[in-house]
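Values below: every heavy atom of this structure, side chains too, minus hydrogens, waters and symmetry copies.
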Amino acid sequence: MERIAVLIGNMHSGGKTNLVLEYYRHIDRSLVQFDFICNEGSNSTHKEEIENLGGRVFIIPKYTNIISHIISIAKLCRHNKYKIAHSYNGTMNLFDLFAAWLGKVPIRINESISMAHKSEKKTIVKYLLKPFSRCFSTHFMANGVECGKWQFGEPLYNKGKVTIFSSVINSDFNRFDPVLREKTRKEYLLDNCFVVGHIGRLEPQKNTLFLIDIFNEISKLKDDAKLLIIGDGKLKYEMLSKIKSCGLDDKVLYLGRREDIQQFYNAMDCFLLPSLYEGFPITALEAQCCGLPTIFSDTIPIESSPCDDLGCFINLEDSAQKWANKVIEFCFEKKRIDHSLEIKHKGFDSRSESDRLCLYYQNVIHSIN
């Protein structure tokens, strides 16, 4: 059994954490085990679950203390004699894989799971680091074609040097359940409502405040519209203030950060994702597996909508009113059916993809022995 250093940075609730854990839960742990190396302040380390599955969690200093951060990774790598370090931190992989190189890890996998947008402040850092982010890497991976091209460049991708391991979910768990839908809608007083949903970090990347603008316009078109939001982040209080100023207090159900989200996909009538950018959003897969019509901004890769009849892409520059009209047109009275088999057949199921990842790890280890 081979232990792998999983360099995950901030292990917060959401896409990146869910992605890695889905692979971990279903991979053959008699052959490979994961050690999660994450930053202090992470709010969703899943320590008990990971340790019950035979893994370990190591907490290290944040990037803001970059010297201590690098030294901590290097020491762990040397002490545990890892053969593989797999880093999931975008252009920041430069620092983590430099630390793994210092720690004498022979196989250093650089994974791209996101991109950038010109209007976000941290974008300038991403673009400054991007030309150097391939340094200290021996292998390249991405959760989607567009992510791979964005971080590593088309020439490297076209040479077949970037391996794609898709975002994955447990498709059986995320399937549509009409009984759960009815139960959840009744419990949260959503019967006879048109429920618009959003699950994600309340951050500029997710375009949280524009989301409220869109729903404000939807509520003008449909008296029975409700907005269900799950997530947390630095825009939380600004978002709540905007909800109040728009007079939407009685139409918005904000549930904060939660892990039990499957019931809410069932309860929703459409899923709204107006992000400035995404890599391959896990929430979109979960929503569509559950048969939920999904509205994307056109800056999100089209591959993020595996179920063609469930995805609609709208220009990010369009007004909130245009978005609202499209939401009503695309989602209202759409027949709800389960799409879990389609998700499986298209290669987004965690069980089958975990087998492929396990084989990948075994092959790269064999190549250095």
In chain order, what residues pass the ring pair (Phe, Tyr, Trp, His ring centres under 6.0 Å) check against [X], with sequence neighbours excluded?
X	result
F132	none
Y23	none
F271	Y265
H69	Y63

Practice task
Please check if any side-chain donor atom of K16 sits under 3.5 Å from a side-chain acceptor atom of N89, or the reverse.
Solution key: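 There is such a pair (donor and acceptor under 3.5 Å, judged by atom type) between the side chains of K16 and N89.
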
Handout entry: Non-neighbouring partners of D172 that pass side chain to side chain donor-acceptor pair (under 3.5 Å), sequence neighbours left out
Key =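 With neighbours one apart ignored, the set is K344.
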
Practice task
Quick one: list whatever passes side chain to side chain donor-acceptor pair (under 3.5 Å) with N158, sequence neighbours left out.
Solution key: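 Partners of N158 under the side chain to side chain donor-acceptor pair (under 3.5 Å) test: none.
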
Should the pair [X]-[Y] be classified as a salt bridge under the 4.0 Å nitrogen-to-oxygen rule?
X	Y	result
E182	R185	no
K251	D224	no
E238	K242	no

Exercise for the section: List the steps and the verdict of side-chain hydrogen bond (donor to acceptor under 3.5 Å, both in side chains) for D349 and S171. Expected result: CA-CA 6 Å; D349 182 65; S171 53; 2.6 Å; yes

ILVMFWY cluster membership beyond [X] - transitive side-chain contacts under 4.5 angstrom:
X	answer
Y157	F140, V145, F152, L156, V162, I164
M1	none
L310	none

Practice task
Please collect all ring pair (Phe, Tyr, Trp, His ring centres under 6.0 Å) contacts where either partner lies in residues 207-252, sequence neighbours excluded, each pair once.
Solution key: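 Sorted pair list: F210-W323.
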
Exercise for the section: Just grab all the ring pair (Phe, Tyr, Trp, His ring centres under 6.0 Å) pairs involving residues 169-191, residues at least two apart or on different chains. Expected result: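 Passing the test, one end in residues 169-191: Y188-F264.
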
Problem - Pairs meeting criterion salt bridge (Lys or Arg N to Asp or Glu O under 4.0 Å) with involvement of residues 92-114, two or more places apart - result: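 For residues 92-114: none.
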
Exercise for the section: Sort out for me which residue in D298, L272, I295 forms a side chain to side chain contact (heavy atoms under 4.5 Å, CB included) with I314. Expected result: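 It is I295, the one option of D298, L272, I295 that forms the side chain to side chain contact (heavy atoms under 4.5 Å, CB included) with I314.
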
